[in-house]
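These notes concern the structure reproduced below.
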Amino acid sequence: MTTKNTGTEKPWGGRFSEATAASVEAFTASVHFDARLARHDITGSRAHARMLARQGLITETERDQILAGLTAIEDEITAGRFVFRPELEDVHMNIEHALVAKIGPAGEKLHTARSRNDQVALDLKLYLREEAGRFNDLLTDLQEALVALARRSMGIIMPGYTHMQRAQPVLASHHFLAYYEMFGRDRERFGDCARRLNVLPLGAAALAGTGLPIDRQSMAAELGFNAVSANSMDTVGDRDFAVEFASAALLAHLHLSRLAEELVLWASEEFRFITLADRFCTGSSIMPQKKNPDIPELIRGKTGRVLGNLVALATLLKGLPLTYNRDLQEDKEPIFDTVDTVSASLAMAAELLRHTECNRAAMAQATLGGFMTATDLADYLVRKNVPFRQAHAIVGRIVATCIEQGKELTDLSLAELRAAAPQIEADVFVTLSIEGSVASRLSEGGTAPARVETALRQAEERLGMVS
Ligand code: ARG
């Protein structure tokens, strides 16, 4: 029997009596972006072919022909010699078509008991599982850069801010280690994502499973999946794992963006808290004096597209009926863009931090204004048995007097302080000093040098930075 397929060579051409319109081919093609999945598509096909042979659905000779053909195709792709053809729609049909062209009838058996619906879910899972591992590495590298910067900056005191107003003095290292924690949670999220997506979709076939005697467990074992999916209809329509990946990536990029914002501010003439290496800055085409922090600005700016990609994915799934719908082809570009954008930002941020230094003098200068030890004075009164609310009010009045007289807390004499609160004694001046304030914050997670040193050492040990 001959097909009515009019020479379009499409694997699904049998029931069609005319060639696909060129405009439709252009509109439906995805190979210009999903070619990125080629390596994973071949990995999945190898496991599928081996399983088909084990189950007697193809012969061992056919299996070997398929495996050899897939390797030849893989080599051509790696060497950049493989020609992806848009009229063959996607990466799956391009590879299958090339296989048939290479090895003939055995190639036509590869798609036995398989659909592109379970195939594409497998490819995307293999891809994201690998990327989750790479993201963990990138985040670890960024944590190392932060911890090294915290180590170099140990002992430097700066204002800690709330509402972008000077609040209480802190160690600069404590500030950097805050980001170490944030990126640590990001690593956990990618780990969770990888664990949950590690369930084999292959064998769900189009949507209902297959009547052919396949063995999914053995494919799961070969491909390193922890389990096989439980419901074939869920399997071909599920993109939860892509949304999870994109949201983990968004959180990581939000953290990067907050860090970037601070680096931009801190590199300004108004702050001068940090110096960014020249080779990590750019100049102005008109203003000869400029040295601009374009890297953190771009990182901050790219956050929008990472959020946009997550919104695009969520919107894609909203209202999508079971099971597979072609809409799902739209999952790939947002995911690929998120992978590219976030991985580039993570790598760039780590490199930038390795070439960033704190300006001790400017940070110290900034701690002198702003009455940042006012809370310490209130706590001092608490230790002298003044209820905290009263202590707060007393210190508030002292600060108001200072503002009136253009003084800092440390400019007040003991007599002036005692006039406000008779409980105050000569030992108050340790409390009012910036160093004394920082040293006193010994609560767990606090900024006292002893606490920060322990946190820093733990981080260094976890990252294997100490021998
Ligand atoms: N290119 C498609 C995608 O990315 C592959 C699955 C196509 N399945 C189908 N029944 N047309 O989702």
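In listed order, ligands and their atoms are each counted from 1. Numbers here simply count residues along the sequence, with the first being 1.
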- Counting heavy atoms only, which part of E89 comes closer than 4.0 Å to ligand 1: side chain, backbone, both or neither? neither
- What atoms of ligand 1 come closer than 4.0 angstrom to any heavy atom of Q329?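 In order of numbering, the contacting atoms are 1 (N), 2 (C), 3 (C), 4 (O), 12 (O).
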- Item | Rounded distance (nearest 0.5 Å) linking atom CD of E333 with atom CD1 of I335 |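 The CD atom of E333 sits 12.0 Å away from the CD1 atom of I335.
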- Message: Could you tell me if the side chain of F241 sits less than 4.5 Å from the side chain of V199, heavy atoms only?
- Response: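 A side-chain contact is absent here, since even the closest heavy-atom pair is not under 4.5 Å.
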In terms of residue, atom name and distance, what is the protein heavy atom nearest to [atom]?
atom: atom 4 (O) of ligand 1; result: K332 NZ, 2.6 Å
atom: atom 7 (C) of ligand 1; result: Y324 OH, 3.4 Å
atom: atom 10 (N) of ligand 1; result: N117 OD1, 3.2 Å
atom: atom 5 (C) of ligand 1; result: D90 OD2, 3.4 Å

Give a yes-or-no answer on whether the side chains of [X] and [Y] include a donor-acceptor pair shorter than 3.5 Å.
X: W12; Y: E89; value: yes
X: R187; Y: Q143; value: yes
X: R216; Y: S229; value: yes

- May I ask you to check whether H92 has an N/O atom sitting below 3.5 Å from an N/O atom of ligand 1? no
